[in-house]
2 protein chains.
Amino acid sequence: MAIHKKESFSQKEQDLAEFAKALAHPARIAILKVLAQHNECICGQIVDVLPLAQSTVSQHLKELKNAGLINGTVDGPRSCYCINWKAFSTFMGEFSFLFNKLKVQNEKACC
Amino acid sequence: MAIHKKESFSQKEQDLAEFAKALAHPARIAILKVLAQHNECICGQIVDVLPLAQSTVSQHLKELKNAGLINGTVDGPRSCYCINWKAFSTFMGEFSFLFNKLKVQNEKACC
DNA sequence: CATATTAATCGTATATTTGCGATATAAAAT
DNA sequence: ATTTTATATCGCAAATATACGATTAATATG
C-alpha cells in the first residue's frame with residue numbers, strides 16, 4: 001500500500017471508524033456481552049468462556065480499552081474490566097444521530 | 001494465524017461484527033455520508049469527492065454492498081448506489097437493543 | 001464499426017489484524 | 001524465599017485489508 005489515506009478524512013469520520021473497528025470482531029462483541037452480564041470481570045473469567053488463548057483475549061481487551069469502550073484496573077494480581085457505558089453511549093448516539101439525521105431528510109425510494 | 005476462530009462465535013455475534021467491520025474505515029463512513037446527502041449517486045460522483053482512486057472506491061462500495069448496507073444497480077454504463085436504510089436500521093437497532101438491554105440491568109459503578 | 005465513458009476486476013505491494021506459545025512481570029500464598 | 005496465580009507482552013506466522021495502476025467489460029456515441 002503506497003500511503004496511509006485514513007488521515008485525509010475528517011476527525012469525526014476517523015473516530016466513528018475507530019469505534020466500529022473495535023466492534024468489528026465477534027470475539028470483542030462476545031467480550032462486551034460477558035462484561036455487560038457480569039458488570040465487571042477479571043481477564044480469567046473471560047478466557048474461561050471464550051474459545052481463545054489467554055494471550056489472544058488479553059490482546060482483544062487491550063484493543064477495547066484503547067478504543068475507550070472498556071475500563072481496566074489492576075486489582076492485585078488480577079485485572080478487572082468493565083464496560084465504559086459513557087463512551088459507548090456517546091459513540092452509539094453519534095452514529096444514530098448522524099444517520100438518523102440524514103435518513104429523515106432522505107427516505108425516498110432509490111435504486 | 002493457525003485456524004480461523006470466527007466461526008466459533010454465535011451467528012449474531014458474527015453478524016454484528018460484520019456490520020461493524022463494514023463501518024470500520026473512514027472512507028466507507030464518508031461514502032455513506034455522500035450517499036445519504038444525495039439520496040443516490042453513481043460511482044463517479046463518489047470518486048470525485050473522495051481522496052481515493054476509482055478502483056479503491058469501487059472496492060469500498062463492493063464491501064458496503066456485500067455487507068448489505070447499500071444497494072447498487074447497473075444503470076447503463078453507470079452504477080447507481082444508495083443506502084439500504086432498512087438493513088441499516090435493523091443493525092443499529094440490534095446493537096442498541098443488545099447493549100441498552102444489558103445496560104439497564106447493569107448501570108452500577110465499576111472498576 | 002470505432003471510440004469514448006463508466007465502472008468492475010485483476011495483479012501486486014504493503015500494512016494491519018489475528019492468533020498462539022513462550023516469556024516476563026507482579027502480587028499472593030505457602 | 002520460593003512457588004503459585006494471573007495477566008501482559010514479545011516474537012512469529014498466517015490471514016486480511018488497503019491502495020493503486022492496468023486491464024477488462026459493457027454501454028453509449030460519433
Side-chain angles (χ1 to χ4, degrees), chain A residues 1-9 13-14 17-31 34-35 40-67 70-82 111, chain B residues 1-9 13-14 17-31 34-35 40-67 70-82 111:
Chain A
M1 177 166 54
I3 318 163
H4 307 93
K5 288 289 184 124
K6 289 182 180 174
E7 299 79 31
S8 46
F9 295 92
E13 285 161 353
Q14 290 182 54
E18 273 300 302
F19 170 69
K21 181 148 58 172
L23 299 174
H25 195 287
R28 292 194 289 271
I29 299 279
I31 288 172
V34 174
L35 286 178
E40 55 180 49
C41 289
I42 62 168
C43 177
Q45 287 181 284
I46 300 167
V47 173
D48 286 344
V49 297
L50 292 196
L52 296 171
Q54 179 268 322
S55 58
T56 307
V57 171
S58 194
Q59 229 174 305
H60 282 304
L61 285 167
K62 189 180 175 184
E63 285 173 67
L64 286 168
K65 195 176 173 189
N66 285 343
I70 65 175
N71 300 122
T73 51
V74 176
D75 172 29
R78 293 141 223 261
S79 281
C80 181
Y81 290 99
C82 65
C111 47
Chain B
M1 173 168 54
I3 318 163
H4 306 93
K5 287 290 184 125
K6 290 182 181 175
E7 300 78 32
S8 47
F9 294 94
E13 283 161 355
Q14 290 182 55
E18 272 302 300
F19 170 69
K21 181 150 55 173
L23 299 174
H25 194 286
R28 293 194 288 274
I29 299 279
I31 288 173
V34 173
L35 286 177
E40 55 181 49
C41 289
I42 62 168
C43 177
Q45 288 180 286
I46 300 166
V47 172
D48 286 344
V49 298
L50 292 196
L52 296 171
Q54 179 268 322
S55 58
T56 306
V57 172
S58 195
Q59 228 173 306
H60 282 304
L61 285 167
K62 188 180 176 186
E63 284 172 68
L64 286 169
K65 195 177 173 187
N66 286 343
I70 64 174
N71 300 123
T73 51
V74 176
D75 172 29
R78 294 141 224 264
S79 281
C80 181
Y81 290 100
C82 65
C111 47

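In what follows, chains carry the letters A, B, and so on, assigned in the order in which the sequence lines appear, proteins first and then strands, with residues in each chain numbered from 1.
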[X] [atom1] - [N] [atom2] separation (whole Å):
{"X": "A:K6", "N": "D:dT18", "atom1": "NZ", "atom2": "P", "result": "6 Å"}
{"X": "A:H60", "N": "C:dT17", "atom1": "NE2", "atom2": "P", "result": "12 Å"}
{"X": "A:R28", "N": "C:dT16", "atom1": "CZ", "atom2": "P", "result": "15 Å"}
{"X": "B:Q14", "N": "C:dT18", "atom1": "CD", "atom2": "P", "result": "14 Å"}
{"X": "A:D75", "N": "D:dA8", "atom1": "CG", "atom2": "C1'", "result": "16 Å"}
{"X": "A:L52", "N": "D:dT7", "atom1": "CG", "atom2": "C1'", "result": "16 Å"}
{"X": "A:I31", "N": "C:dT18", "atom1": "CD1", "atom2": "P", "result": "11 Å"}
{"X": "A:N66", "N": "C:dT16", "atom1": "CG", "atom2": "C1'", "result": "15 Å"}

As an exercise, state the distance from OG1 of B:T73 to OH of B:Y81, rounded to the nearest 0.5 Å.
9.0 Å
For a quick test of reading the model, state the closest non-hydrogen atom pair linking [X] to [Y] and the distance between them.
{"X": "B:Q54", "Y": "B:V47", "value": "CA-CG2, 3.9 Å"}
{"X": "A:S8", "Y": "B:P51", "value": "OG-CG, 3.5 Å"}
{"X": "A:R28", "Y": "A:K21", "value": "NH2-O, 3.1 Å"}

A side-chain contact here means heavy atoms from C-beta on lying under 4.5 Å apart; do A:I70 and A:C82 qualify?
no
Looking only at side-chain N and O atoms, does A:K21 come under 4.0 Å of OP1 or OP2 in C:dT16?
no
Looking at B:K5, does any N or O in its side chain come under 4.0 Å of the phosphate oxygens OP1/OP2 on C:dC20?
yes
Among C:dT18, D:dC20, D:dT18, the one nearest A:H25 by side-chain distance:
C:dT18
If each of A:A27 and A:V74 is mapped to the nucleotide of DNA chain C with the nearest heavy atom, which maps nearer the 5' terminus, i.e. the 5' end?
A:A27
How is B:Q59 classified with respect to the nucleic acid when contacts are heavy atoms under 4.0 Å: base, sugar-phosphate, or nothing?
base
Please classify the nucleic acid contact of B:K65 as base, sugar-phosphate, or nothing, using heavy-atom distances under 4.0 Å.
nothing
Please verify the inter-ring angle class for A:H25 with A:H60; under 30° counts as parallel, over 60° as perpendicular, anything in between as tilted.
tilted
Under 3.5 Å between N/O atoms: give me all the protein pairs with nucleotides 5-8 of chain C, atom names plus distance.
| from | atom 1 | to | atom 2 | distance (Å) |
| --- | --- | --- | --- | --- |
| C:dA7 | OP1 | B:C43 | N | 3.0 |
| C:dA7 | OP1 | B:G44 | N | 3.3 |
| C:dA7 | OP2 | B:G44 | N | 2.8 |
| C:dA7 | O3' | B:S79 | OG | 3.1 |
| C:dA8 | OP1 | B:S79 | OG | 3.1 |
| C:dA8 | OP1 | B:Y81 | OH | 2.4 |
| C:dA8 | OP2 | B:S58 | OG | 2.8 |
| C:dA8 | N7 | B:Q54 | NE2 | 2.9 |
| C:dA8 | N6 | B:Q54 | OE1 | 3.1 |

According to side-chain contact (heavy atoms from CB on, under 4.5 Å), who are the partners of A:V34, at least two apart in sequence or on a separate chain?
A:H38, A:C41, A:I46, A:V49
